[in-house]
Amino acid sequence: MTQGAPQSLTDRLLHGLGRALMARRSVRLQVALALTAIAVSTALRFALDRALPPGFPFLTFFPAVMLTLVFASLRAGLAVGVACGLIAWYFFIEPLNSVAITSGAVLALGFYSLIIATDVIFITAAGRALELRAAAERRASGLAHARSLMFSELQHRISNNLSTVAALLRLQSQQVSDETARQALVASQTRIRSISLLQRRLHSPDMQTLDAADYLREVLHDVVQVAGAGDVALEVQADSLPLPHDTAVPLGLIASELVMNAIEHGAPAQGPTRIDVSLAVAPAARDGRVAAVLTITDGGPGLPEGFDLEATDSLGLIVARQFATALNGALSLARGTTGGTVARLDFLIDPLSPMTGPPTSI
């Protein structure tokens, strides 16, 4: 049963019976329930005696035994079964008001004993099964909790290690006099910190898919913060798209590299650096695959004359181009119609597998 889903009357009834079978009651309460069951079932049988045809000496006693087995205990149920059997034998089996042993009495009592024994076996087995299930659920819950703790600790350590490497690169860059080498170290530091934040945001033991719109907003705002750029206006408009982890990783890295490239090269002569990010998602095709387009636009001076993405020596663009192949996509850069640079990633998302399931909101 999914948490939060409405339960039917049958589900609630079965759940209540299960709790009743597993409950532990005091001896005093068991005795009270047993005596009540004997008294009520006997009074009801006497009340129905004239209305019932011959041959139903145990009619009201079967429910009394079953209810006592469920709501009291096995011992109480057996006691009620014996007491009700003697009462029925004495008052309702020929010859009446006697415990004479006749063939009819033996047959009736044998039939009664068989049914009571069957009830005892099945109810006891059901209670044992519920106890085993509850124990298994407790073990599974403990293992899941331990797994979650270990997973969180692992991700925390990985992110901390990446942050440590980024800090070491920052210290190293402060001691490098060559401006080109220093910029390379700063760029590497920014990428590592971005991956560290991506690691924290993405990986969760309970999250099998995530929504691309929310994911891109969080990751790219982290990138702007990590890059340490001054005045950057980042606007993200994205359609909802469920992403499995193996797709979210390359998409997040590509978007991060393109935004960092826009921060570095897309600053206008005056005013803030404006970066517009959009994700347009097409309807799913017949094979279940979904086509999407990621566009990142800046308002900078635009691409230099003769720019060739295939021949560029920019590490960030090389990384983005390589990761685009993991998304069955293609990356392109062009000059915008009103200036600036437009980076476009056309990619395909394979249909979610049955193990992945529907998208999970974040």
Side-chain angles (χ1 to χ4, degrees), residues 1-3 5-141:
M1 178 71 63
T2 303
Q3 186 177 6
Q7 290 184 325
S8 65
L9 179 60
T10 303
D11 293 332
R12 292 196 296 269
L13 179 60
L14 292 176
H15 182 68
L17 288 175
R19 293 182 61 182
L21 279 172
M22 296 179 63
R24 296 291 181 265
R25 297 172 177 85
S26 65
V27 176
R28 181 179 298 178
L29 180 59
Q30 293 179 37
V31 172
L33 290 174
L35 293 177
T36 301
I38 294 171
V40 172
S41 60
T42 302
L44 186 60
R45 181 61 184 83
F46 273 109
L48 296 175
D49 188 42
R50 294 183 179 181
L52 292 175
F56 295 91
F58 308 108
L59 183 64
T60 61
F61 298 122
F62 289 131
V65 176
M66 293 183 63
L67 291 174
T68 307
L69 287 169
V70 173
F71 293 102
S73 67
L74 175 61
R75 291 181 301 175
L78 290 174
V80 171
V82 172
C84 289
L86 293 174
I87 292 172
W89 185 9
Y90 185 83
F91 290 107
F92 305 110
I93 297 178
E94 297 289 343
L96 301 180
N97 301 320
S98 171
V99 288
I101 301 176
T102 63
S103 59
V106 171
L107 181 61
L109 289 172
F111 176 74
Y112 172 78
S113 300
L114 178 62
I115 294 180
I116 295 302
T118 304
D119 292 341
V120 169
I121 291 173
F122 277 99
I123 292 177
T124 303
R128 180 58 178 165
L130 287 172
E131 290 177 355
L132 293 175
R133 177 182 175 182
E137 288 178 349
R138 287 193 296 269
R139 288 195 298 270
S141 178

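Both backbone and side-chain heavy atoms feed into the values below; hydrogens, waters and symmetry mates do not.
Partners of R128 by salt bridge (Lys or Arg N to Asp or Glu O under 4.0 Å), not counting sequence neighbours, listed by chain and number: E131. Scored by the side chain to side chain donor-acceptor pair (under 3.5 Å) test, T60 finds no partners at all (sequence neighbours excluded).
Taking CG of L109 as the reference point, atom CG of L114 lies at 12.5 Å (rounded to 0.5 Å). The CE atom of M66 lies 5.0 Å from the CD1 atom of I123; values are rounded to the nearest 0.5 Å. Here the OG1 atom belonging to T102 is positioned 9.5 Å from the CG atom belonging to L107, to the nearest 0.5 angstrom. A distance of 12.0 Å separates CD1 of I93 from CD1 of I87, quoted to the nearest 0.5 Å. Put simply, CG on L69 and OG1 on T124 are 6.5 Å apart, with the number rounded to the nearest 0.5 Å.
Between S73 and Q30, the shortest heavy-atom contact is OG-OE1, 2.5 Å. The two residues R25 and V70 make their nearest non-hydrogen contact at NH1-O, 4.0 Å.
Tested against Y112, the residues F61, F92, F62 include a single ring pair (Phe, Tyr, Trp, His ring centres under 6.0 Å) partner, F62. The one candidate from L74, I115, V65 that meets the side chain to side chain contact (heavy atoms under 4.5 Å, CB included) condition with V120 is L74.
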Without placing hydrogens or testing angles, list every side-chain donor-acceptor pair under 3.5 Å for residues 33-50, not counting sequence neighbours.
unit_1 : atom_1 : unit_2 : atom_2 : d
T36    : OG1    : A32    : O      : 2.8
S41    : OG     : A37    : O      : 2.7
S41    : OG     : I38    : O      : 3.1
T42    : OG1    : I38    : O      : 2.7
R45    : NE     : F56    : O      : 3.0
R45    : NH1    : D49    : OD1    : 3.2
R45    : NH2    : F56    : O      : 3.0

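By the 4.5 Å heavy-atom criterion applied to side chains, N97 and Y90 are counted as neighbours. Between V27 and V31 the shortest side-chain heavy-atom distance falls below 4.5 Å.
The local environment of CD1 in I101 is sparse, with at most 12 non-hydrogen atoms from other residues, nucleotides or ligands closer than 6.0 Å.
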| task | Let me see the working for L29 and F71 under side-chain contact (heavy atoms from CB on, under 4.5 Å), right down to the final yes or no. | result | CA-CA 10 Å; L29 180 59; F71 293 102; over 6 Å; no
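Between the side chain of W89 and the main chain of A100, a donor-acceptor pair closer than 3.5 Å is present.
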